[in-house]
2 protein chains.
Amino acid sequence: MKTKTTTKAAVELPLNTIIDGDCIEVMNSLPESSVDLIFADPPYNLQLKGELHRPDNSKVDAVDDDWDQFDSFKAYDQFTRAWLKAARRILKPNGAIWVIGSYHNVFRMGAELQNQGYWILNDVVWRKSNPMPNFRGKRFTNAHETMIWASKSEGAKYTFNYEALKALNEGIQMRSDWVLPICTGHERLKDENGDKAHPTQKPESLLHRVLVGSTNPGDVILDPFFGTGTTGAVAKMLGREFIGIEREEAYRKVAEKRIAKVRKFDKEALITTPSKRAEPRVPFGQLVERGMLRPGEVLTSPRGKTAKVRADGTLISGEARGSIHQVGAALESAPSCNGWTYWHFRQDGKKVPIDLLRQQIRAEMN
Amino acid sequence: MKTKTTTKAAVELPLNTIIDGDCIEVMNSLPESSVDLIFADPPYNLQLKGELHRPDNSKVDAVDDDWDQFDSFKAYDQFTRAWLKAARRILKPNGAIWVIGSYHNVFRMGAELQNQGYWILNDVVWRKSNPMPNFRGKRFTNAHETMIWASKSEGAKYTFNYEALKALNEGIQMRSDWVLPICTGHERLKDENGDKAHPTQKPESLLHRVLVGSTNPGDVILDPFFGTGTTGAVAKMLGREFIGIEREEAYRKVAEKRIAKVRKFDKEALITTPSKRAEPRVPFGQLVERGMLRPGEVLTSPRGKTAKVRADGTLISGEARGSIHQVGAALESAPSCNGWTYWHFRQDGKKVPIDLLRQQIRAEMN
DNA sequence: GATCGCATTGAATCGCTGA
DNA sequence: GTCAGCGATTCAATGCGAT
């Protein structure tokens, strides 16, 4: 059943295309539970009243000048509710969403995400290394934007490439604040007049980190506010599939040209540092069966506890007997214990963790 | 009229005291338009499930206090609406509010601030220099909290001491992200058992920046969730008046004792923001994210060894894979290797060390 | 006395798999 | 559906005791 859904979706989805239209209508036309990740950078300018929609998809009257602040928040909330709902329908159960915004709109998006049952995993701050200064000196330099990362629901098994992100950060786990420059220079797309093609083009570095961290090669990434296609460009580089939705023809044109020029990184470069959780399981008993450890042999802990190996791959130490993990936990009075790194054996006069033997077996398996 | 109000308030307000009671009731009993600034650190509504252990099996002492428990988002919203409304009534027309929270509650607070007509001036990110890591490797390190700074209404003449903040920041305009350490060491208040007196004590450096930036000497600052009184302590140091509201007797006692010890204008007691002029760390992965080096690109060593760049900022060369330093060391059979000077890339037909790219990034950051 | 190393700790929505 | 067992997982700072 699961396979069928996946296949069906893969066939029907308009992969690696930019769809013209209103993002809510387009998303509603796509099959449900078909997308791995959504990255959304919605408009937040309240002047764009004409782009707002009521929940029934009718357009809000743009000519109405009598809106007070409350009315405009209300309209913005309706718009937010509608597109987040459409987005949630097409997300796979283990899919996730990223939204980005500033203080003008991010609080309303965050609250609505929670209201709809999305489960917030982190809020991530994009700290701009070269923001525009506040010229009037009346406020703090607006030097960051906020992203929210959420799974479709509580308890969902979202993708998180912990080791790859840690590698990107030179061995230290990635934090919720990312220091990256804004999009300038030759990366910044220009129109035929030489003006910037899009007012809020996001840097590719931002998407690189998002996609390396929360998708796998081959995943389908949808961007309902595609703009000039940063999401698509980075997805293509990284060997992911994308679907873009954009209603402005000028943006679609720029994006298409841009993505056509992008070259996918070669396969070897796309393989990132794997998670240990994904490695094949090796029962401790196999070390005994293979004679790497002999029944009766004594294992030691870092702090000098000892246990004896038994023929069935269990350990015995005083009253405690059981798996390498159980006996380790019992001796340390700990809630749990990783026996693979806890127990050591003697090799060439040195104490070596038994995990080394497991690694040997795993190497043979490849 | 304005003068009269101010005088009246000054007479009636219970300045520099900690009031016992529910903050909503107490605020409703105070005269309207009488307070210059409100700083609020409300319960975050954390929803913790089981216990959490560090990798060394020690147990994390989590925030599981009764005052942080709410039945639902609806209940939390109701609470938020009520205290923000009470706060707004007692604010002077040109007064302002700061609230602080995490992704669990800050979106709901921000949206409600806007709904009530407060006017958001900035969201400010407190980037913690020493946050608690993510122990299970399932998310990003939760390394920041968010503050929202808002005036009572649009167009109000709020206080902003631009020059003072610029001076605090070594002559550079203050940004919306502040790097400050969490509250530890001697500043962290302990109870009679030597345990932390409050689970979420804020650092004085944070309040110092808030009060220097958005109040003047003599201003009245109210904190409806006073806790152990960081707001009061810093207000006293800086020659401001405070009003604290706190319903837990234990916290009030600690706060009173603490504030009694504080000396006004004691230069030595003033918190100097640590000026970190050390060279910022630049992970190699950032060169890849930023497109300065592309996945698949080949780096060379002075003696002709080669390695390929991968998307997660690691290198691969034959069997060796890992950081620029690890792979360099492996190829040279050396105990260590500075990958920044060891590895070169081609630029204009010449071989250039990748350290040049790091220097470019650092130059941008200053 | 200075230095080194080890233990402690902080607003946290912190597994997965197979029987 | 539940439940038990395997086994993966941490950074910066402070403070204390040993050298």
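Throughout, protein chains are lettered first and strands after them, A, B, ... in sequence-line order, and every chain is numbered starting at 1. Just so you know, these numbers come straight off a predicted model, no measurement behind them.
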Enumerate all atom pairs, one protein N or O and one N or O from nucleotides 14-17 of chain D, separated by less than 3.5 Å.
{"unit_1": "D:dG15", "atom_1": "OP1", "unit_2": "B:His186", "atom_2": "NE2", "d": "3.4"}

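- Contact annotation for A:Lys276: backbone-only contact, meaning every heavy-atom pair under 4.0 Å involves sugar-phosphate atoms and none involves a base.
- A sub-4.0 Å separation between OP1 or OP2 of C:dC16 and a side-chain N or O of A:Arg277 is absent.
- Secondary structure note: stems in DNA chain C built from 3 or more consecutive Watson-Crick or G-U wobble pairs under 3.5 Å occupy C:2-10 with D:11-19, C:15-19 with D:2-6.
- Checking the phosphate oxygens (OP1, OP2) of C:dC16, a side-chain nitrogen or oxygen of B:Lys138 falls inside 4.0 Å.
- No contact: B:Asn45 has no heavy atom under 4.0 Å from any strand.
- A:Ile172 comes within contact range of the sugar-phosphate backbone alone, with a heavy-atom separation under 4.0 Å but no base atom that close.
- Note on B:Gly50: a base of the nucleic acid sits closer than 4.0 angstrom, heavy atoms only.
- Contact check of residues 153-164 of chain A against DNA chain D (heavy atom, cut-off under 4.0 Å) returns A:Tyr162, A:Glu163.
- The residue B:Pro42 sits close to a base: some heavy atom pair falls under 4.0 Å.
- Among the protein residues, B:Lys59 comes within range of no part of the nucleic acid, since none of its heavy atoms lies under 4.0 Å from any strand.
- Counting non-hydrogen atoms under 4.0 angstrom, A:Pro283 reaches nothing in the nucleic acid.
- Residue B:Asn134 is classed as a base contact, given a heavy-atom separation below 4.0 Å to a base.
- Residue pairs meeting the salt bridge (Lys or Arg N to Asp or Glu O under 4.0 Å) criterion with at least one member in residues 319-340 of chain A, sequence neighbours excluded, are A:Arg303-A:Glu332.
- A:Ser336 comes within 4.0 angstrom of a base, heavy atoms only.
- The stretch residues 350-362 of chain A has no heavy atom under 4.0 Å from DNA chain C, so no residue of it qualifies as close.
- An OP1 or OP2 oxygen of D:dG7 is reached within less than 4.0 angstrom by a side-chain nitrogen or oxygen of A:His325.
- Electrostatic pairing of A:Asp177 and A:Arg175 counts as a salt bridge here, judged by a charged N lying under 4.0 Å from a carboxylate O.
- For the OP1/OP2 pair of D:dC6 and a distance below 4.0 Å, the side-chain nitrogens and oxygens of A:Ser323 include at least one atom meeting the criterion.
- Here B:Cys183 lies out of heavy-atom contact (under 4.0 Å) with every strand.
- Listed nucleotides: C:dT8, D:dG7, C:dG10. Nearest to the side chain of B:Asp56: C:dT8.
- Of the candidates C:dC14, D:dC11, C:dA11, C:dA11 carries the atom nearest the B:Lys128 side chain, counting heavy atoms from C-beta on.
- Between B:Arg136 and C:dG15, a side-chain N or O to OP1/OP2 separation shorter than 4.0 Å is present.
- Applying the side chain to side chain donor-acceptor pair (under 3.5 Å) test to A:Ser214 and every residue at least two apart in sequence or in another chain returns A:Trp98.
- Residue-environment remark: NZ (B:Lys196) exceeds the threshold of 12 foreign heavy atoms within 6.0 Å.
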